[in-house]
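Working notes for the structure below.
By convention here, the first residue in the shown sequence is residue 1.
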Amino acid sequence: RTHIINSFAAHFAEVEVDPQTGSVRVLRYVAMHDSGRIIHPETARGQIIGGVVQGLGYALMEDIPMDPESGVPLTLNLDSFKIPNLADVPPIEPVLIEHPDPVGPYGAKALGDPPLVPVAAAIANAVYDATAVRIRDLPITAEKVLRGLQQRQRKA
């Protein structure tokens with residue numbers, strides 16, 4: 001007999017966008033997760049925070065430019081590959097919702113990958129809410145936001 005055990009999440013980002021430069025700064029982040037029975041709450045909160053930080057990098061800064069002729073990556077090590085540091089990480093509020101699963105082990109559900117998955121969408125939607133500019137490819141860079149703001153101004 002097989003079972004499907006679903007975990008659920010809702011993420012919310014508050015951002016500040018500089019209209020002169022297009023730079024995006026995440027001011028606050030809330031990540032709500034229904035991961036069934038929480039066996040170790042502090043570890044669960046740490047897992048959520050870690051996933052959100054990883055997602056911040058994916059959403060806002062991690063880019064691997066490729067040589068258009070050879071397809072070789074132009075970013076070969078971490079001195080030129082930007083990942084979030086302490087100054088990039090906003091206050092993150094993990095919210096745990098305990099709704100035990102009747103067939104999962106001890107009523108637990110997944111909490112490994114789920115914290116990473118919604119981050120880019122939450123930030124992209126917050127940028128859209130702040131600017132009416134929809135960014136559809138990652139990372140969400142200042143250049144892309146500024147280009148979108150300028151296109152909006154030309155249409156107006």
Side-chain angles (χ1 to χ4, degrees), residues 6-99 108-153:
N6 293 308
S7 58
F8 300 94
H11 284 211
F12 307 91
E14 180 182 344
V15 300
E16 176 181 80
V17 179
D18 183 329
Q20 301 302 315
T21 66
S23 86
V24 176
R25 197 176 80 145
V26 181
L27 302 175
R28 180 173 173 242
Y29 201 93
V30 177
M32 303 178 77
H33 282 265
D34 168 7
S35 295
R37 176 165 288 120
I38 304 300
I39 296 168
H40 194 283
E42 208 48 41
T43 300
R45 281 189 281 279
Q47 182 68 30
I48 292 170
I49 292 168
V52 170
V53 171
Q54 184 179 358
L56 287 168
Y58 179 62
L60 295 171
M61 57 193 70
E62 294 176 18
D63 192 16
I64 303 177
M66 306 293 251
D67 181 292
E69 306 228 351
S70 67
V72 173
L74 299 174
T75 303
L76 300 176
N77 55 47
L78 290 177
D79 72 345
S80 56
F81 184 77
K82 178 92 170 91
I83 60 174
N85 62 38
L86 191 58
D88 300 314
V89 178
I92 300 169
E93 181 183 345
V95 178
L96 300 168
I97 298 168
E98 277 199 80
H99 188 262
K109 300 176 189 175
L111 191 58
D113 293 329
L116 166 63
V117 174
V119 178
I123 293 171
N125 284 329
V127 168
Y128 177 76
D129 187 56
T131 64
V133 171
R134 177 66 70 192
I135 305 295
R136 297 189 191 286
D137 61 322
L138 300 178
I140 301 166
T141 62
E143 293 80 18
K144 291 174 188 175
V145 174
L146 189 57
R147 190 174 14 203
L149 288 169
Q150 290 167 346
Q151 287 172 351
R152 259 193 57 235
Q153 284 177 343

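- To the nearest 0.5 Å, atom OG1 of residue T75 and atom NZ of residue K82 are 13.5 Å apart.
- Distance check, rounded to the nearest 0.5 Å: CE of M32 to CD1 of I48 gives 10.0 Å.
- A donor-acceptor pair under 3.5 Å links the side-chain atoms of K144 to the main chain of P139, judged by distance alone.
- Of all the heavy atoms in L96 and P41, the pair that sits closest is CD1-O, 3.9 Å.
- Contact annotation: the side chain of N6 never approaches that of K109 to less than 4.5 Å [non-hydrogen atoms, C-beta and beyond].
- Remark: the backbone N or O of A110 is paired with a side-chain donor or acceptor of S35 at under 3.5 angstrom.
- Between D67 and S70, the shortest heavy-atom distance links the atoms OD1-N, 2.9 Å.
- The salt bridge (Lys or Arg N to Asp or Glu O under 4.0 Å) contacts involving residues 6-31 comprise E16-R25, R28-E93, where partners must be two or more places apart or lie in separate chains.
- Considering only heavy atoms from C-beta on, Y29 comes within 4.5 Å of V119 through its side chain.
- With Q47 contributing its side chain and G112 its backbone, the two residues share a donor-acceptor pair below 3.5 Å.
- Every pair passing side-chain hydrogen bond (donor to acceptor under 3.5 Å, both in side chains) that includes a residue from residues 115-133 is listed here, sequence neighbours excluded: N125-R134.
- Using modelled atom types, no side-chain atom of D113 and backbone atom of P115 make a donor-acceptor pair closer than 3.5 Å.
- The shortest distance between side-chain heavy atoms of H11 and V52 falls below 4.5 Å.
- Here the closest non-hydrogen pair linking I135 and A124 is O-CB, 4.1 Å.
- Among all heavy-atom pairs drawn from I123 and V26, the shortest one is CD1-CG2, 4.0 Å.
- Ring to ring, H99 and H33 are not that close: their centroids are 6.0 angstrom or more apart.
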Please tabulate, one pair per line, all N/O donor-acceptor pairs under 3.5 Å involving side-chain atoms of residues 53-61, not counting sequence neighbours.
none

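- Between A130 and V17, the shortest heavy-atom contact is CB-CG2, 4.2 Å.
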Exercise for the section: Could you walk me through whether D88 and N85 pass side-chain contact (heavy atoms from CB on, under 4.5 Å), step by step? Expected result: CA-CA 5 Å; D88 300 314; N85 62 38; 3.2 Å; yes
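- Nearest heavy-atom pair, P73 versus I64, reported as atom, atom and distance to 0.1 Å: CB-CG2, 3.8 Å.
- Taking NE2 from H40 and CD1 from I38, the interatomic distance works out to 11.5 Å, rounded to the nearest 0.5 Å.
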